[in-house]
Amino acid sequence: MPKMKTHSGAKKRYKVTGSGKILRRNSNLNHILEKKSPGRKRRLAGTTEITGGDRTRARRQLGL
């Protein structure tokens, strides 16, 4: 049986921490930024943890 390949799109979008958590970027911070308040943009900056069923899907795509 050949090895499973890592999903190329997933490896660019997700980061795995040392403890095994999967981090992702927040959405809504790519365009139409003028109408969004500075506080909202600050809150959306940085990363957040993937939770729920998405975590299972992301782990499978990353080959974990």
Side-chain angles (χ1 to χ4, degrees):
M1 194 76 182
K3 291 182 180 180
M4 292 293 291
K5 289 191 175 180
T6 301
H7 191 285
S8 296
K11 70 184 175 187
K12 295 168 191 172
R13 287 172 171 82
Y14 304 137
K15 177 180 182 253
V16 183
T17 64
S19 61
K21 293 177 185 174
I22 301 175
L23 302 179
R24 65 167 174 84
R25 280 185 59 197
N26 286 312
S27 59
N28 300 316
L29 200 60
N30 277 323
H31 62 111
I32 317 176
L33 297 173
E34 205 169 271
K35 63 174 75 170
K36 295 171 187 166
S37 69
R40 180 177 172 190
K41 288 187 276 192
R42 276 196 306 273
R43 182 171 45 79
L44 292 170
T47 56
T48 186
E49 186 183 350
I50 295 180
T51 58
D54 291 334
R55 184 190 307 133
T56 307
R57 188 178 296 114
R59 288 186 68 83
R60 182 160 183 229
Q61 288 178 330
L62 294 171
L64 300 176

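Not measured: the values here are computed from a predicted model.
- Here the straight-line distance linking atom CG of Leu29 with atom CZ of Arg42 works out to 12.0 Å at 0.5 Å rounding.
- The number of heavy atoms from other shown groups lying within 6.0 Å of NZ (Lys21) does not exceed 12.
- Cluster annotation: Val16 and Tyr14 are assigned to the same hydrophobic cluster (Ile/Leu/Val/Met/Phe/Trp/Tyr, side-chain heavy-atom contacts under 4.5 Å, transitive).
- Interatomic distance, NZ of Lys15 versus CZ of Arg24, reported as 15.0 Å (0.5 Å rounding).
- Within a 6.0 Å sphere centred on CZ of Arg13, heavy atoms belonging to other residues, nucleotides or ligands number 12 at most.
- Nearest heavy atoms, Leu62 versus Thr6: O-OG1, 3.8 Å.
- What you find for Leu33 and Lys41 is that their closest heavy atoms are O-NZ, 3.2 Å.
- Here CZ of Arg55 is found 12.0 Å from CG of Leu64. Values are rounded to the nearest 0.5 Å.
- Closest heavy-atom contact between Asn28 and Lys36: O-NZ, 3.0 Å.
- Here CD of Glu49 is found 7.5 Å from OG1 of Thr17. Values are rounded to the nearest 0.5 Å.
- Contact record, Ala45 with Asn26: O-ND2, 3.9 Å, taken as the closest heavy-atom pair.
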